[in-house]
S.K.: 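One structure, pasted below without further comment.
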Protein chains: 2
Amino acid sequence: MSNLKSHASDAPSSVRASSNKPSTQKRILDTAERLFAKEGFEQTSLRQITQEADVNLASVNYHFGSKKALIQAVVARYMDVFMPALDEELRALDDESALTTLQVFEAFKLPLFSLNGIHKRGTERFLRLLGFAYSETQGHLRRYTQSAFGNVLQHLLALLHRANPELSDEEMFWRLHFVLGATVFAQVSGQALIEIARAEFNHEVNIKTVIEHLIVFIAGGLERP
Amino acid sequence: MSNLKSHASDAPSSVRASSNKPSTQKRILDTAERLFAKEGFEQTSLRQITQEADVNLASVNYHFGSKKALIQAVVARYMDVFMPALDEELRALDDESALTTLQVFEAFKLPLFSLNGIHKRGTERFLRLLGFAYSETQGHLRRYTQSAFGNVLQHLLALLHRANPELSDEEMFWRLHFVLGATVFAQVSGQALIEIARAEFNHEVNIKTVIEHLIVFIAGGLERP
DNA sequence: GATTAAATTAAACGCATGTTTAAAATGTGT
DNA sequence: ACACATTTTAAACATGCGTTTAATTTAATC
């Protein structure tokens with residue numbers, strides 16, 4: 001883990017010097033993101049990634065060190081946008097006089113949709129990545145999130161307590177995890193569900209619709225007396 | 001798939017003739033169940049199962065045909081108890097005059113707890129197996145459940161519609177899947193959560209407690225106007 | 001007790017994975 | 001143009017997986 005060659009700590013930031021083709025690093029990152037979001041981390045092999053990215057197999061280990069590190073790099077690219085944005089939204093709620101659960105969860109919407117700046121379907125990808133991070137046991141990812149953005153999550157918990165002062169710590173603990181479960185699951189099974197829904201109800205269904213439905217649901221569950 | 005030796009279609013039903021040691025088949029089934037519920041299907045290897053069951057590696061393929069078939073056998077042992085029990089409970093609700101969502105979900109409690117007859121912690125194991133069946137993509141399991149117990153699931157959907165006549169088909173579709181997500185997730189992350197909760201709140205937490213919390217939550221989410 | 005059938009066993013097969021190696025190619029600074 | 005560092009490459013490595021094979025042991029049948 002220590003005698004690696006460079007991991008491109010700086011170097012060719014994003015675009016190759018005299019070529020219109022993105023750098024090897026970016027190609028790997030983009031392709032990995034797409035495949036991870038589609039199939040999950042464990043289901044996606046480095047051979048699949050490097051083949052589709054049209055780079056050499058060994059370049060993943062050269063540039064990122066390991067598959068774990070690649071996974072973390074992919075997730076971090078979204079976390080680094082999402083978490084500060086969420087932080088800002090949550091701060092805006094601090095001054096709210098009559099805070100509701102729905103308000104807290106709706107604070108997620110803008111940060112989530114802002115991820116579409118990273119990629120056309122960034123929101124969807126991020127949520128699916130999160131889902132896989134939880135359903136597969138990617139302990140290192142959980143540790144990274146906790147240590148890098150633990151304060152934001154603490155803030156979230158405090159706001160929910162403020163909106164639901166009658167709920168005990170324990171009640172809140174369980175309900176928050178159920179919320180997380182519904183969210184994660186909706187995204188991991190999301191694509192399949194969206195297709196079923198599309199066929200069943202004969203109209204377009206997109207990720208925004210799903211999130212709208214989801215927020216109402218989890219707010220209902222969380223507020224239950 | 002067709003030229004297999006026997007798969008023990010009948011034979012030494014459950015206990016060995018002149019030995020106090022369970023049959024190879026049962027040892028495999030029990031050990032597989034324990035490991036599958038602990039780590040998931042894909043994360044558990046046949047070598048791990050056969051080693052802990054103290055049987056030969058090849059005996060899994062001899063008795064069950066394949067790993068997939070073993071997974072299905074493990075799950076079926078629970079499904080065959082759970083689904084008829086649920087069916088009975090749901091039928092009892094048909095005559096209810098003012099049906100509530102909570103009643104429908106509480107109909108799950110007895111069937112779930114009855115699984116403790118199969119194993120001391122049968123409820124927990126079953127829910128975790130279900131969780132893995134969904135979060136890992138075990139398509140064959142979904143197909144089996146759908147074809148074997150599809151009628152019970154249809155019945156469930158009908159009852160929920162009766163309890164919530166104001167919800168559109170689409171609304172119900174999404175909420176039911178969120179319910180499933182919260183449930184599944186609670187179980188897959190369940191053991192870790194229970195341990196955190198135990199440490200955090202300084203009192204015993206068991207699967208029944210989690211289910212009680214869960215049912216209130218999902219009923220709240222589903223009923224939300 | 002001989003003859004089948006069923007079950008168990010050790011070993012190998014074929015394949016896929018992440019990672020490492022060492023040489024070749026490319027780029028950079030002087 | 002040279003020397004050096006960086007990057008790319010093809011190949012191999014080491015490990016683990018589910019499955020299959022063929023021989024042996026155990027059990028059952030006549």
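All values reported here derive from a predicted model rather than from experimental measurement.
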S.K.: Would you say A:R128's side chain and A:K38's backbone share a donor-acceptor pair under 3.5 angstrom?
M.R.: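 Checking the backbone N and O of A:K38 against the side chain of A:R128, a donor-acceptor pair under 3.5 Å is found.
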S.K.: In whole angstroms, how far is the P atom of C:dT8 from the CZ atom of B:F64?
M.R.: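 In whole Å, C:dT8 P lies 11 Å from B:F64 CZ.
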S.K.: Give the residues of residues 48-58 of chain B touching DNA chain D, defined as any heavy atom closer than 4.0 Å, sorted by residue number.
M.R.: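 B:L57, B:A58 - these, ordered by number, are the residues of the stretch whose heavy atoms sit under 4.0 Å from the strand.
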S.K.: Say whether, by atom type as modelled, one donor and one acceptor occur between the side chain of A:T183 and the main chain of A:V179 under 3.5 angstrom.
M.R.: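 Yes: the side chain of A:T183 pairs with the backbone of A:V179.
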S.K.: Is any side-chain nitrogen or oxygen of A:S45 closer than 4.0 Å to OP1 or OP2 of C:dT17?
M.R.: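 For C:dT17, OP1/OP2 do have a side-chain N/O of A:S45 under 4.0 Å.
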S.K.: Starting at CG of B:L35 and ending at P of D:dC17, how long is that distance when rounded to a whole Å?
M.R.: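 For the pair B:L35 CG and D:dC17 P, the rounded distance is 12 Å.
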S.K.: To the nearest Å, give me how far apart CD (A:E39) and P (C:dT17) are.
M.R.: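 From A:E39 CD to C:dT17 P: 12 Å.
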S.K.: Atom CZ of B:R27 and atom P of C:dA7: how far apart are they, to the nearest Å?
M.R.: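 The answer, rounded to whole Å, is 15 Å.
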S.K.: Looking at the side chain of B:Y62, which of C:dT20, C:dT8, D:dT19 is the nearest nucleotide?
M.R.: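 For the B:Y62 side chain, the nearest candidate turns out to be C:dT8.
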S.K.: Any side-chain to backbone donor/acceptor pair from A:S59 onto A:V55? Under 3.5 Å, distance only.
M.R.: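 No; judged by distance alone, with no hydrogens or angles, the pair does not exist.
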S.K.: Quickly work out the B:E42 CD to D:dG18 C1' distance and round it to whole Å.
M.R.: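 Those two atoms, CD and C1', are 13 Å apart.
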S.K.: Can you classify the ring geometry of B:F178 versus A:F217 as parallel (below 30°), tilted (30 to 60°) or perpendicular (above 60°)?
M.R.: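 It falls in the tilted class, 30° to 60°.
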S.K.: Which label fits A:F82 and A:F108: parallel for a plane angle under 30°, tilted from 30 to 60°, or perpendicular past 60°?
M.R.: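 Ring orientation, 0 to 90° scale: tilted.
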S.K.: Any sub-3.5 Å donor-acceptor pair from B:H119's side-chain atoms to B:L115's backbone N or O?
M.R.: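 Absent.
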S.K.: OP1, OP2 of D:dT7 versus side-chain N and O of A:T24: anything below 4.0 Å?
M.R.: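 It does not, given that no N or O in the side chain of A:T24 lies less than 4.0 Å from OP1 or OP2 of D:dT7.
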S.K.: Closer than 4.0 Å, any side-chain N/O of A:H63 to the OP1 or OP2 of D:dT6?
M.R.: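 A:H63 to D:dT6 OP1/OP2: no side-chain N or O under 4.0 Å.
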S.K.: Report the residue (A:R47 or B:R47) whose heavy-atom-nearest nucleotide on DNA chain C is the more 5′ of the two.
M.R.: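 Counting from the 5' end, the first nearest nucleotide belongs to B:R47.
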S.K.: To the nearest Å, give me how far apart CG (B:L46) and P (D:dC17) are.
M.R.: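 Whole-Å distance recorded here is 9 Å.
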S.K.: Donor-acceptor pair, B:T50 side chain versus B:R47 backbone, under 3.5 Å?
M.R.: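 Such a contact is found between B:T50 side chain and B:R47 backbone.
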S.K.: Rounded to the nearest angstrom, tell me the gap between atom CG in A:N61 and atom C1' in C:dT20.
M.R.: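 That distance rounds to 8 Å.
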S.K.: Using whole Å, report how far CD1 of A:I28 lies from P of D:dT9.
M.R.: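 It is 10 Å, rounded to the nearest whole Å.
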